Amino acid sequence: TAGITQAPTSQILAAGRSMTLRCTQDMRHNAMYWYRQDLGLGLRLIHYSNTAGTTGKGEVPDGYSVSRANTDDFPLTLASAVPSQTSVYFCASRDSSGANVLTFGAGSRLTVL
Amino acid sequence: DAKTTQPNSMESNEEEPVHLPCNHSTISGTDYIHWYRQLPSQGPEYVIHGLTSNVNNRMASLAIAEDRKSSTLILHRATLRDAAVYYCILRPYNQGGKLIFGQGTELSVKP
């Protein structure tokens, strides 16, 4: 089934360690996004990429970096994790051919201790 | 960015219609109205969107007020699988997918 694959599904990480959340899409969408979701705060945009080779900052970019070497992959890296980065992370891609709707992955639950 | 206001929660009975309201009094003329929903332990999924006219698709209908300051997502026959958080979002035409999610409405469906 076409869509977005995120990995890992769940991870526990010690504070100070680095971590890369992987996101791959097979829909050839140009734009991709990373959101985090926390109780009471809803979904907040971390970083985005309008096309391969470009990235931009969202609402809450601090402590995160992204890269977009090709159309399909959009990894999110935490260089030195802190407990406040405990969250559920969702990757999404956008179909810009008409409705401009987002397709989301199933999410990655990260716990930083 | 224009904001939306939705009730925190709503209840419905199975197989009855559900009307989920959204206020967006500061909407601009080029903002699209998008609805997404998020089932438990899943990522959000697209439901429907519109600009000025009412819209129908296989999942739902979207009724947009004439002044566009409010809209209503209509689920014609709620099922237990429709229990989710429903988000009403305004998307400026030139902002691509940088959607700003609010708190949404948590819909519970009783058998």
Side-chain angles (χ1 to χ4, degrees), chain A residues 1-7 9-10 21 23 25 27 29-51 54-61 66 68 74 87-109, chain B residues 1-9 22 24 30-62 64 73 84-107:
Chain A
T1 304
I4 292 190
T5 302
Q6 290 187 236
T9 303
S10 176
L21 303 180
C23 175
Q25 54 111 350
M27 298 171 284
H29 290 170
N30 281 325
M32 297 186 74
Y33 309 85
W34 274 105
Y35 286 85
R36 61 177 287 175
Q37 186 170 35
D38 305 289
L39 276 176
L41 294 175
L43 283 122
R44 294 179 291 169
L45 182 65
I46 305 171
H47 284 287
Y48 66 94
S49 169
N50 287 329
T51 189
T54 69
T55 62
K57 294 181 179 180
E59 301 172 74
V60 288
V66 291
R68 188 85 185 280
F74 190 42
S87 187
V88 181
Y89 292 85
F90 291 100
C91 180
S93 68
R94 176 168 59 91
D95 172 11
S96 57
S97 63
N100 273 299
V101 304
L102 297 188
T103 299
F104 284 82
S108 294
R109 180 176 295 276
Chain B
D1 293 326
K3 294 190 181 299
T4 63
T5 304
Q6 300 177 253
N8 288 333
S9 62
C22 182
H24 28 79
T30 53
D31 287 345
Y32 285 82
I33 302 161
H34 281 236
W35 284 81
Y36 284 74
R37 73 178 185 180
Q38 187 172 20
L39 280 64
S41 301
Q42 295 188 28
E45 65 173 342
Y46 168 78
V47 177
I48 200 167
H49 80 286
L51 183 61
T52 56
S53 303
N54 295 343
V55 185
N56 300 297
N57 67 20
R58 64 174 180 80
M59 290 181 71
S61 295
L62 177 60
I64 300 173
L73 179 70
V85 178
Y86 287 78
Y87 297 98
C88 169
I89 303 160
L90 301 182
R91 183 184 73 79
Y93 84 101
N94 62 348
Q95 288 293 306
K98 289 191 288 182
L99 301 183
I100 306 299
F101 283 77
Q103 297 302 306
T105 296
E106 183 170 9
L107 175 68

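Side-chain atoms are counted along with the backbone in the values below, which use heavy atoms only and exclude waters and symmetry mates. Bear in mind that the values here come from a model prediction, so they are computed numbers and not experimental data. Just so we're on the same page: letters track the sequence lines, and every chain starts at 1.
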Give the C-alpha distance, both sets of side-chain angles, the deciding distance and a yes or no for side chain to side chain contact (heavy atoms under 4.5 Å, CB included) between A:Asn100 and B:His49.
CA-CA 10 Å; A:Asn100 273 299; B:His49 80 286; over 6 Å; no
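- Here the closest heavy-atom approach between residue A:Leu102 and residue B:Tyr46 is recorded as O-CB, 4.2 Å.
- Between chain A and the options B:Gly43, B:Gly102, B:Pro44, B:Gly104, heavy-atom pairs under 4.5 Å are most frequent for B:Pro44.
- Residue A:Gln37 places its CD atom among more than 12 non-hydrogen atoms of other residues, nucleotides or ligands, all under 6.0 Å distant.
- In this structure, the portion of B:Gln103 lying under 4.5 Å from any heavy atom of chain A is its side chain and not its backbone.
- At a 4.5 Å heavy-atom cutoff, the contact between A:Glu59 and chain B is made by side-chain atoms alone.
- By the 6.0 Å contact criterion, CZ on A:Arg109 is open, its count of non-hydrogen atoms from other residues, nucleotides or ligands being 12 or less.
- Only the side chain of B:Tyr36 comes within contact range of chain A, judged by heavy atoms closer than 4.5 Å.
- Taking each heavy atom of B:Gln38 and A:Phe90 in turn, the nearest pair found is NE2-CZ, 3.5 Å.
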